[in-house]
Amino acid sequence: MAVPAAFLALFFAYPVAAITARGLYADGRWHPERFAEVLTDPGIGGVLWFTLWQAAASTALTVLSALPGAYVLARYDFPGRRVVRAIVTVPFVLPTVVVGSAFLGLLGRGGLFHEWGTPPVTGPVAILLAHVFFNYAVVVRVVGGLWAQLDPRQEEAARMLGASRLAAWRTVTLPALAPAVAAAALTVFLFTFTSFGVVQILGGPRYATLEVEIYRQTAHLLDLPTAAVLTLVQFAAVAALLACHARTVRRHRGTRGLVDAAGTARRPRGARQWALLVAVLCQIVVLLVVPLAVLVERSLHGPDGYGLTHYRALASTDGTFAVAPQEAIGNSLAYAAVATCIALVIGGLAAVALTLPESGRRVGRLVRGFDALLMLPLGTSAVTVGFGFLIALDEPPLDLRSSWILVPLAQALVGVPFVVRTLLPVLRAVDDRLREAAAVLGASPARVWREVDLPLARRALLVAAGFAFAVSLGEFGATVFIARADAPTLPVAVARLLGRAGESNYGQAMALSTILMLVCAAVLLALENVRTDRSGEL
């Protein structure tokens with residue numbers, strides 16, 4: 001745990017503590033009375049309530065909507081399956097400001113549905129739909145990754161012993177999936193709890209989450225004390241949620257029968273299975289493909305009709321940008337590659353540490369606390385992290401403000417929890433008797449992990465790499481504060497274009513977003529083509 005703990009201490013805890021202290025420490029003393037001033041404000045109370053209930057509703061809708069998709073993509077083998085898996089993951093890489101703009105163009109005033117005579121849809125309904133769109137892939141990839149490796153013969157044995165299809169699934173499969181479902185639900189809740197771009201665009205002035213309010217207090221009102229209090233409130237809520245999650249994981253620990261994922265998928269048989277497949281594909285089209293299609297349509301629609309006008313404009317600069325917007329493509333790919341490597345190393349070490357045997361109650365508490373710590377970056381305001389980097393990492397020996405590595409470090413902070421949450425259910429499901437047998441035959445601990453754990457976890461490792469790369473490509477909240485003007489990322493360039501008036505700038509923003517979507521789809525499709533056989537060899 002030493003390397004992941006040091007990474008989080010230096011690049012997460014230290015910057016966040018620095019910016020929080022600056023807001024609550026003044027005139028040589030701390031000011032705890034600011035908590036009462038902020039929390040008794042009726043406006044802040046409304047923000048807290050909206051943040052909580054919309055996150056809970058978004059999580060419930062996402063899990064219920066995506067579980068059928070996770071099952072179909074894990075168990076059914078059909079033409080175009082890998083393409084569908086890539087399409088499902090594409091929305092997750094899009095910057096939240098782009099997701100909000102796509103739904104505004106679909107549901108808002110003047111949007112596609114409004115042109116067809118439907119009243120414009122904004123506020124909570126649009127926010128919830130956008131959150132389902134954005135987080136659908138989390139449930140499909142995290143739950144589906146484990147579901148694909150569960151031995152279907154266990155459920156078949158229950159059916160042969162007289163259990164109904166529902167009873168067999170409830171008593172055999174659901175307990176095995178519980179850790180992955182809990183991990184996916186936790187991740188979705190944290191993302192929606194700290195939602196920023198989607199709420200800012202679709203919520204308007206009436207609806208704001210804690211993240212939006214922190215940004216407003218920091219960037220617009222320069223009220224660091226209020227922003228610091230709201231950041232600590234966010235910390236407290238996330239810590240309570242992680243404590244509940246840790247108890248759930250302990251209750252559902254146990255040995256699961258894992259097999260090679262390539263051997264569990266079968267062609268649909270019978271009308272019921274084909275109907276389920278068609279229903280899930282229709283759901284994916286309505287929830288995911290239609291908003292993406294609107295994004296592409298807006299990128300092609302120019303003043304003279306449809307064409308590539310906005311794409312050609314990306315190669316030039318009018319003096320507002322230090323570089324042409326198209327250069328952000330190469331910057332994003334390079335930053336994301338480095339961030340993925342960092343996230344895999346840090347998250348991989350953390351996941352392995354969390355699966356080692358616990359010796360004693362104190363060690364168990366330490367491990368559970370470490371597990372919760374790993375998830376904190378997802379529940380912390382990205383605005384706070386970005387400002388914290390600028391304030392804390394500007395003096396030796398950590399003077400990184402002018403270094404390119406600062407952006408991958410910020411992106412890796414978001415990628416590490418995904419690596420841990422993806423690998424952990426699979427590593428915990430490995431039968432301890434396999435490890436013990438290898439040890440009895442003389443294998444060292446390192447060789448036991450290499451020969452037993454790694455082959456079973458290799459597919460999950462690829463899924464984790466895809467997630468880390470995707471979230472690094474789309475990270476916006478912290479990157480917008482630390483990316484240099486001459487080396488912007490795709491989300492930063494998109495946000496700058498959206499912030500400028502004019503149809504041309506909006507079209508270029510949609511064009512860059514479409515390029516980001518296609519790059520992500522290509523990378524994820526390449527990962528889908530990497531298969532492992534039963535021996536674990538690539």
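Hydrogens, waters and symmetry mates are skipped; everything else that's a heavy atom, side chains included, is used. Computed from a predicted model, the values in this text were never measured in an experiment.
More than 12 heavy atoms of other residues, nucleotides or ligands lie within 6.0 Å of CZ in Phe78, so this atom counts as buried by the packing criterion.
A side chain to side chain contact (heavy atoms under 4.5 Å, CB included) with Val188 is found for exactly one of Val142, Val139, Val132, namely Val139.
Remark: the backbone N or O of Met510 is not paired with any side-chain donor or acceptor of His310 at under 3.5 angstrom. The backbone N or O of Leu497 sits nowhere less than 3.5 Å from a side-chain atom of Asn505 that would complete a donor-acceptor pair. Ser332 places a side-chain N or O within donor-acceptor distance of the main-chain N or O of Leu490, the cut-off being under 3.5 Å. The closest donor-acceptor contact from the side chain of Ser195 to the backbone of Phe191 lies at 3.5 Å or more, if one exists at all. Side-chain atoms of Arg141 do not come within 3.5 Å of backbone N or O of Thr89 as any donor-acceptor pair. No donor-acceptor pair closer than 3.5 Å links the side chain of Arg206 to the backbone N or O of Gly123. For Gln54 (side chain) and Thr51 (main-chain N/O), a donor-acceptor pair under 3.5 Å exists by modelled atom type.
Interatomic distance, Phe196 CZ to Leu210 CG, rounded to the nearest 0.5 Å: 13.0 Å. For the atom pair Thr514 OG1 and Leu295 CG, the distance stands at 4.0 Å (nearest 0.5 Å). Taking OG from Ser58 and CZ from Phe134, the interatomic distance works out to 12.0 Å, rounded to the nearest 0.5 Å. Atom CG of Leu406 and atom CZ of Arg484 lie 10.0 Å apart (nearest 0.5 Å). Interatomic distance, CD of Glu327 versus OG1 of Thr489, reported as 13.5 Å (0.5 Å rounding). Distance CG/Leu48 to CG/Leu52: 8.5 Å, rounded to 0.5 Å.
Side chain to side chain, Thr20 and Thr231 fail the donor-acceptor criterion of an N or O pair below 3.5 Å. Inspection of the Tyr136 and Gln283 side chains reveals an N or O donor paired with an N or O acceptor under 3.5 Å. Side-chain contact of Thr209 with Glu213: a donor-acceptor pair under 3.5 Å is absent, judged by distance alone. Side-chain contact, Glu297 with Tyr306: a donor N or O sits under 3.5 Å from an acceptor N or O.
Side-chain atoms of Pro488 and Asn331, non-hydrogen and from C-beta on, do get closer than 4.5 Å to each other. Contact of the Ile342 side chain with the Phe7 side chain is registered, since non-hydrogen atoms from C-beta on lie closer than 4.5 Å. Between Thr187 and Leu190, every side-chain heavy-atom pair lies at or beyond the 4.5 Å cut-off. Taking 4.5 Å as the limit, some side-chain heavy atom of Arg496 sits within range of a side-chain heavy atom of Val492. Contact check for Phe11 versus Leu393: side-chain heavy atoms found under the 4.5 Å cut-off. At a threshold of 4.5 Å between non-hydrogen side-chain atoms, the residues Arg22 and Ile391 count as touching. With a 4.5 Å cut-off on side-chain heavy atoms, Val72 and Arg75 do not count as touching. A heavy-atom distance below 4.5 Å is found between the side chains of Leu400 and Leu409.
Ring geometry for Phe50 versus Trp53: interplanar angle over 60°, hence perpendicular rather than tilted (30 to 60°).
Contact detail for Phe103 and Pro291: the closest heavy-atom pair is CZ-CG, 3.9 Å. Residues Ala336 and Gln411 share a closest heavy-atom pair of N-OE1, 3.9 Å. Gly386 and Ile482 get closest at one heavy-atom pair: O-CG2, 4.0 Å.
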**Asked** So Thr194 and Gln234, side-chain contact (heavy atoms from CB on, under 4.5 Å) or not? Walk me through it.
**Response** CA-CA 8 Å; Thr194 58; Gln234 210 171 46; 3.6 Å; yes
request  = Take His131 and Thr62 through the test side chain to side chain donor-acceptor pair (under 3.5 Å) and record every step on the way to the result.
outcome  = CA-CA 8 Å; His131 283 164; Thr62 303; over 6 Å; no
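If you look at Tyr76 and Tyr71, their ring centroids are closer than 6.0 Å.
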